[in-house]
Protein chains: 2
Amino acid sequence: MARSQRKVDSGSEGMGESSTPARGDGSTTRDQILATATRMFADRGFGGTSLQAIADDVGIKKPSLLYHFKSKTVLREKVLEALLERWQAVVPQVMRSATSGERRFEAALSEVVGFFKQDPARARLLMREMLDRPEEMTALIRAHLSHWVMLVTNTIRKGQEEGVIYPDVDPEVYITQSVALILSTIAGSEVVVGILNPPGENKTTRALERSIKEMVRLARYGLFIHPER
Amino acid sequence: MARSQRKVDSGSEGMGESSTPARGDGSTTRDQILATATRMFADRGFGGTSLQAIADDVGIKKPSLLYHFKSKTVLREKVLEALLERWQAVVPQVMRSATSGERRFEAALSEVVGFFKQDPARARLLMREMLDRPEEMTALIRAHLSHWVMLVTNTIRKGQEEGVIYPDVDPEVYITQSVALILSTIAGSEVVVGILNPPGENKTTRALERSIKEMVRLARYGLFIHPER
DNA sequence: CCTACCGATCGGTAGG
DNA sequence: CCTACCGATCGGTAGG
């Protein structure tokens, strides 16, 4: 079960900040804790993950973990912060793609899909937070995503004025639905793949690609009056 | 916090089966436990719900709960069974609606939506199970839903041959996506409503209706070549 | 970053 | 359906 059992030989030279002790692979203990916690919270949920399990996987003792994050709640907050930071990094690229036109729309969409496909734990984690703490999640989205939502909303409205997007699309709702679709496609991929693949072999990636393709199609056909084929 | 604190005065007349002691409202203790467990598992997750909390809410002691369900795992299984039984009850009606045509498609869709809207805990519960136990969930879906999925798949294929449904729709995947869309719309409604409604007032139902309407539109426009307006 | 330890709570059992 | 109780594990602290 342990992830990196190697003992850290540098234990007491007394001058490095303990939050950034050098590792062979360049990752700090703090980063390792965040990475493990992200994965475990996504897989088993916050309540279903013990600090002990995280500490074991990182290869430290529980009190050491609590030195880096002073409570389990703080750890959860930091995990979410790290996730949202990574998201903020891809937003500009998404926005550049989304400014207009169907081809660009598709590029923007696959940018978002890529963000979650690159690390499916992100999708599962966000979904769990939505279920576990809807109020906090709402606040978080308002703080970090409302600007993005507004921009996309405006782009859709422009498309409606130009007559290329269905006039009865509800832009804001459309966006939330699209994101929900992406999240559940990635987060639920294990189940969907299991349904698509007859009991026997599991061509996981194939079924996932098939799932993503249909999702993008659904998003496009629901938006553009004359979707390109 | 307690739901029904009233003491059951009939404690020892010695002849009724303990699994069906009469209640004023006609529900057995067993049913009350199932109902409370369903709601709590949906709200806080299986791991986040203690048997103590369920027992408190029902108004009995924990060991009494374990008399009705011999372990927490068994309780979870029975909760899911009860949910799937209710689902099986609406399937015939859905199928009758879905046999052909756009109007009928819409009726079938709103039948499914109604099932979850009637008790949103169902959507949250299924979503959590998908995240917590993907393998068991896959098996459960295969056992209880594969027949339904096959029928809808065939209906879509027929529509494609008749030229009313886009030929590039992937029927099986389309169905899973639609269900995912319904589930996340209902299960995530609290968050979505929070996003749609500016910080102040919360016209919950209005925003939810708006969300459901757009969801149905998305499903229709993604399926039919010339959607009726 | 560790050892040693805490009170609280967990799911579950014995026995009536 | 209850009282009484179990060992295990939980998040967290003291102190180094």
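Hydrogens, waters and symmetry mates play no part in the numbers below; they use all other heavy atoms, side chains included.
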Worksheet entry | Under 3.5 Å: donor-acceptor pair, side chain of B:Arg128, backbone of B:Ala42 | yes
Worksheet item: So, does B:Ser50 use its side chain to make a donor-acceptor pair with the main chain of B:Ala53 at under 3.5 Å?
Response: yes
Worksheet entry | Non-hydrogen side-chain atoms of A:Leu75 and A:Leu51 separated by less than 4.5 Å | yes
Discussion item. Ring of B:Phe116, cation from B:Arg124 - is the NZ or CZ under 6.0 Å from the centre and inside 45° of the axis?
Written reply: no
Discussion item. Any heavy-atom pair between the side chains of B:Glu172 and A:Leu196 that's under 4.5 Å?
Written reply: yes
Practice prompt. At under 4.0 Å between heavy atoms, which parts of nucleotides 3-15 of chain C does protein reach? Answer with one letter per nucleotide, 5' to 3': B base, S sugar-phosphate only, - none.
Written response: BB-----SBBB--
Response to the item:
Taking a pair to mean Watson-Crick or G-U wobble geometry with both distances below 3.5 Å, C:dT3 pairs with D:dA14
